[in-house]
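The structure appears below as structure tokens.
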Amino acid sequence: MLKKVNKENVITELEKTGRRYFGKYNKAFAIGKVIEEFEEVTSDDGEKVFYNSQISVERRNGITDNINITVPQELKEYDDYVDKVVQITGQFRSFIKDGHKRLFLYANTFDVYNEPIPEDSNLTYLEGYLTRKPYCKLSKKDKIKIAEFCVAVRRRDSVSPEDADYINCVAWGDNADFIQYTRPKKKVKMNGRLQSRSINGREVYSFTVREFIM
């Protein structure tokens with residue numbers, strides 16, 4: 001089990017004792033409350049069992065994000081996790097369902113969390129390649145620049161560079177200015193969090209950039 005921390009750079013601290021639990025290009029950490037019963041699913045080859053659910057993670061401003069999670073069978077210790085607060089480390093991955101892209105947190109560690117929840121309880125580091133030119137606009141309310149773009153992130157256990165997760169990203173303000181003129185296929189490194197919002201009754205997920213890393 002990884003040690004519990006309450007520091008600003010949570011991922012860096014966790015890597016000191018649990019480096020093997022993170023990928024090279026995709027490092028995710030979240031603490032949140034399980035809000036759905038686990039759904040059992042089997043891999044395409046029938047050899048592995050996984051459990052899908054959602055956790056609710058609170059932002060500093062009190063708004064919550066609902067994050068899809070997938071937990072391998074060997075990490076599941078209890079029959080019922082609903083309303084339990086859990087800590088997860090792993091990677092964010094993408095898949096297409098009913099014609100829509102969805103993101104989920106694939107767990108490499110999964111533990112019930114009994115400590116005070118730190119302010120930074122939804123953190124991810126991504127390193128990948130820009131798939132297209134960023135689309136920029138101004139927010140309707142505050143007229144702040146927003147850049148929307150997609151990054152292809154190679155998986156830690158992949159053999160081919162083409163085996164990647166395609167993650168939609170959003171950058172605001174100065175971060176939007178930074179990425180606006182970046183060319184497609186350019187490598188980018190960034191810290192941020194997974195954000196969810198409801199559009200026309202459908203949950204939409206994106207990675208919100210906190211900072212780009214030069």
Side-chain angles (χ1 to χ4, degrees), residues 6-14 22-23 25-33 54-69 88-96 100-105 117-154 164-214:
N6 190 6
K7 296 185 179 181
E8 183 175 357
N9 199 339
V10 178
I11 288 177
T12 298
E13 289 298 313
L14 285 173
F22 293 100
Y25 312 105
N26 185 334
K27 314 172 196 291
F29 165 88
I31 297 174
K33 181 182 289 187
Q54 272 195 343
I55 61 172
S56 177
V57 182
E58 188 171 335
R59 302 183 200 171
R60 294 181 182 182
N61 60 8
I63 296 174
T64 58
D65 293 300
N66 295 332
I67 298 176
N68 298 312
I69 63 172
I88 305 174
T89 63
Q91 301 90 41
F92 275 116
R93 295 185 176 179
S94 64
F95 71 102
I96 303 297
H100 300 288
K101 183 190 297 180
R102 301 195 71 188
L103 298 180
F104 67 99
L105 198 169
I117 298 177
E119 286 187 345
D120 287 316
S121 56
N122 178 356
L123 299 171
T124 298
Y125 165 84
L126 295 178
E127 177 180 334
Y129 294 88
L130 207 63
T131 63
R132 61 176 183 266
K133 182 180 178 181
Y135 168 73
C136 292
K137 61 183 180 181
L138 296 178
S139 63
K140 293 181 180 179
K141 183 178 179 180
D142 302 318
K143 302 302 179 183
I144 298 173
K145 183 181 290 186
I146 306 171
E148 298 177 349
F149 56 101
C150 181
V151 171
V153 181
R154 186 173 178 179
D165 293 295
Y166 293 84
I167 300 178
N168 292 333
C169 303
V170 178
W172 295 71
D174 291 342
N175 285 326
D177 289 334
F178 176 86
I179 196 69
Q180 179 177 4
Y181 299 108
T182 304
R183 301 185 307 275
K185 299 184 179 181
K186 182 76 173 179
K187 178 185 281 190
V188 292
K189 303 177 183 180
M190 51 197 174
N191 289 317
R193 71 173 190 272
L194 187 73
Q195 177 178 301
S196 69
R197 55 197 173 107
S198 181
I199 298 180
N200 298 325
R202 180 171 62 88
E203 201 94 47
V204 177
Y205 303 88
S206 59
F207 175 83
T208 299
V209 178
R210 174 181 291 178
E211 63 175 350
F212 287 102
I213 302 170
M214 299 297 291

Counterpart residues, ring-ring contact (aromatic ring centres under 6.0 Å, His included), relative to Tyr205 (two or more places apart):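 Tyr205 satisfies ring-ring contact (aromatic ring centres under 6.0 Å, His included) with no residue once adjacent residues are dropped.
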
side-chain contact (heavy atoms from CB on, under 4.5 Å) involving [X] - partner list, sequence neighbours excluded:
X      : value
Phe178 : Phe212, Met214
Thr64  : Ser56, Glu58
Asp65  : Arg59, Asn122, Arg193, Gln195, Ser196

At their closest point, which heavy atom of [X] faces which heavy atom of [Y], and how far apart are they?
X      : Y      : result
Gly90  : Phe22  : O-CD2, 4.1 Å
Tyr125 : Ile213 : CE1-CD1, 3.6 Å
Phe92  : Leu194 : CE2-CD2, 3.4 Å
Ala171 : Phe149 : CB-CE2, 4.1 Å
Asn26  : Gln91  : O-CG, 3.0 Å

Just how far is it from atom [atom1] of [X] to atom [atom2] of [Y], taken to the nearest 0.5 Å?
X      : Y      : atom1 : atom2 : value
Lys189 : Glu127 : NZ    : CD    : 4.5 Å
Leu123 : Thr89  : CG    : OG1   : 12.0 Å
Ile67  : Ile55  : CD1   : CD1   : 5.0 Å
Leu103 : Asn168 : CG    : CG    : 7.0 Å
Thr124 : Arg210 : OG1   : CZ    : 10.0 Å

Report yes if some heavy atom in the side chain of [X] is under 4.5 Å from a heavy atom in the side chain of [Y]; otherwise report no.
X      : Y      : result
Tyr166 : Val151 : no
Ile179 : Val188 : yes
Ile146 : Val170 : yes
Leu126 : Ile167 : yes
Ile88  : Phe29  : no

Asn175: partners by side chain to side chain donor-acceptor pair (under 3.5 Å), with sequence neighbours left out: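 None.
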
Side chain to side chain donor-acceptor pair (under 3.5 Å) partners for Lys137, two or more places apart: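 Side chain to side chain donor-acceptor pair (under 3.5 Å) check on Lys137 returns Glu148.
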
Below 3.5 Å, can you tabulate the donor-acceptor pairs from side chains in residues 129-136 to any protein atom, sequence neighbours excluded?
from, atom 1, to, atom 2, distance (Å)
Thr131, OG1, Cys150, O, 3.2

Between [X] (side chain) and [Y] (backbone), is there a donor-acceptor pair under 3.5 Å?
X      : Y      : answer
Thr208 : Gly192 : no
Asp142 : Ile144 : no
Lys27  : Gly23  : yes

Candidate pair Ser94 and Phe104, rule side chain to side chain contact (heavy atoms under 4.5 Å, CB included), full reasoning: CA-CA 6 Å; Ser94 64; Phe104 67 99; over 6 Å; no

Sequence neighbours excluded, every pair satisfying salt bridge (charged side-chain N to carboxylate O under 4.0 Å, His left out) that has a member inside residues 165-177: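 Residue pairs with at least one partner in residues 165-177: Lys145-Asp177, Arg155-Asp165.
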
